[in-house]
Amino acid sequence: MDDGGMAAPRPHDWSIEGREYARQEARRGRRYAYDDLDPARTALVVVDMVPFFADAGPYFRGVVPNINALAGALRDAGGTVAWVLPAVGPPSDWAVGFFGDSVAAMFAASGGVGSPRERLWHELDARAGDVWAEKSASSAFFPGRSTLPAGLADRDVDTLLITGVVTSVCCESTARDAATLGYRVVFVADGTADVRDSVHNATLRTVYRTFGDVRSTADALGMIAGGASK
């Protein structure tokens with residue numbers, strides 16, 4: 001990303017323009033669609049946090065503490081943590097045609113090797129009882145291309161906290177499809193990472209305008225705590 005792989009880990013300098021908040025407040029009478037959540041019906045969806053993306057720069061590593069904080073709080077409150085990894089296999093004909101042979105092969109192998117836990121970035125706090133899923137599309141909810149919907153099927157989940165990488169591709173795609181399926185989407189602004197602030201913030205604007213709320217980790221932790229106290 002911008003400053004090279006050796007830069008100190010940090011989250012994005014994220015923002016949403018005041019006029020976007022004003023637009024939603026005028027439409028629905030409040031800034032956020034979802035002011036509370038039921039932890040037992042909430043899943044933290046962590047997208048593509050694998051070593052392939054870790055070398056890209058400081059933003060990947062900068063969101064790790066926030067993801068771990070959300071995972072611990074949601075588990076303690078009776079919610080679900082779902083780790084979504086890229087499926088590994090030969091590149092599709094579409095990918096070869098679009099990216100070219102070498103890049104298509106690189107992306108097809110991005111999920112890594114070994115068990116799911118071995119493939120996940122080593123600093124993430126995965127636990128027994130978490131949901132593990134793979135996806136062979138950008139979205140973790142695209143029909144027939146991800147095992148996440150089946151993993152959540154018996155958990156009565158209605159709210160998703162979306163985190164991971166890359167903000168503008170797989171995280172955004174996941175948010176779009178989840179909203180289409182009727183989930184309450186909360187996109188965690190400092191729990192997602194991209195190549196630079198401007199790209200990251202463009203997705204936050206899109207999600208907030210049309211697909212779900214955009215909240216900070218602190219906000220999401222507060223929502224979890226508030227739901228757990230009821």
Side-chain angles (χ1 to χ4, degrees), residues 34 37-54 60 63-89 110-167 169-188 191-193 211-213 215 217 220-221 223-225 227-228:
Y34 314 121
L37 57 78
D38 178 354
R41 301 191 65 193
T42 300
L44 173 67
V45 177
V46 186
V47 178
D48 289 355
M49 291 293 288
V50 294
F52 176 83
F53 293 104
F60 175 102
V63 301
V64 169
N66 290 341
I67 292 173
N68 283 340
L70 290 165
L74 189 57
R75 276 196 214 97
D76 289 346
T80 298
V81 178
W83 308 98
V84 184
L85 308 177
V88 178
S110 64
V113 296
S115 69
R117 185 63 188 91
E118 291 170 328
R119 292 161 58 192
L120 187 71
W121 180 246
H122 67 279
E123 293 179 314
L124 289 163
D125 185 20
R127 301 286 182 89
D130 291 347
V131 171
W132 293 88
E134 290 186 320
K135 63 179 181 60
S136 57
S138 295
S139 168
F141 286 98
F142 193 88
R145 300 290 295 275
S146 173
T147 61
L148 181 61
L152 299 180
D154 296 330
R155 295 176 181 246
D156 197 28
V157 168
D158 70 351
T159 301
L160 306 174
L161 305 177
I162 295 180
T163 62
V165 293
V166 174
T167 308
V169 184
C170 292
C171 295
E172 180 177 345
S173 297
T174 296
R176 287 171 177 260
D177 284 349
T180 300
L181 292 171
Y183 287 100
R184 295 162 25 119
V185 171
V186 179
F187 202 92
V188 184
T192 45
F211 301 107
D213 283 338
R215 305 294 288 263
T217 297
L221 290 171
M223 293 168 74
I224 295 168

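For the single chain, residues carry numbers from 1 onward in sequence order. Heavy atoms only: backbone and side chains are in, while hydrogens, waters and symmetry mates are out.
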Considering residues at least two apart in sequence or located in another chain, which fulfil the side-chain contact (heavy atoms from CB on, under 4.5 Å) criterion with Ser136?
Ala87, Arg145

Using the test side-chain contact (heavy atoms from CB on, under 4.5 Å), find all partners of Asn68 that sit at least two apart in sequence or belong to another chain.
Val64, Leu124, Asp125

Is the shortest side-chain heavy-atom distance between Asn66 and Val188 below 4.5 Å?
no

Within a strict 4.5 Å, meaning less than it, do heavy atoms of the Met49 and Thr163 side chains meet?
no

Would you mind telling me which of Ser139, Ser138, Ser146 makes a side chain to side chain contact (heavy atoms under 4.5 Å, CB included) with Phe142?
Ser139

Identify the residue among Leu85, Thr174, Val169, Val165 that makes a side chain to side chain contact (heavy atoms under 4.5 Å, CB included) with Val47.
Thr174

What closest approach, in Å, do [X] and [Y] show between heavy atoms, and which atom pair accounts for it?
X	Y	answer
Ala228	Pro39	N-CG, 3.6 Å
Val84	Ala140	CG1-CB, 4.0 Å
Ala175	Ile162	CA-CD1, 3.6 Å
Val131	Gly151	CG2-O, 3.9 Å
Leu120	Pro51	C-CD, 4.4 Å
Phe60	Ala193	N-CB, 3.8 Å

Show every salt bridge (Lys or Arg N to Asp or Glu O under 4.0 Å) that has at least one partner inside residues 113-124, sequence neighbours left out.
Arg119-Glu134

Salt bridge (Lys or Arg N to Asp or Glu O under 4.0 Å) pairs touching residues 41-50, sequence neighbours excluded, are Arg41-Asp156, Arg41-Asp158, Asp48-Lys135

Quick one: does any side-chain atom of Asp76 pair with a main-chain N or O of Ala73 as donor and acceptor, under 3.5 Å?
no

Report the residues that fulfil ring-ring contact (aromatic ring centres under 6.0 Å, His included) with Tyr183, sequence neighbours left out, ordered by chain and then residue number.
Phe141

Just verifying a value: how many Å separate [X] [atom1] and [Y] [atom2], rounded to the nearest 0.5 Å?
X	Y	atom1	atom2	value
Ile224	Asp38	CD1	CG	11.5 Å
Asp213	Met223	CG	CE	7.0 Å
Leu181	Arg176	CG	CZ	14.0 Å
Thr192	Leu161	OG1	CG	12.0 Å
Phe211	Thr180	CZ	OG1	6.5 Å

Evaluate the side chain to side chain contact (heavy atoms under 4.5 Å, CB included) criterion for residues Thr42 and Val186: first the C-alpha distance (whole Å), next the side-chain angles of each, then the deciding distance (0.1 Å), finally the verdict.
CA-CA 10 Å; Thr42 300; Val186 179; over 6 Å; no

Thr80 meets the side chain to side chain donor-acceptor pair (under 3.5 Å) criterion, sequence neighbours left out, with Arg155

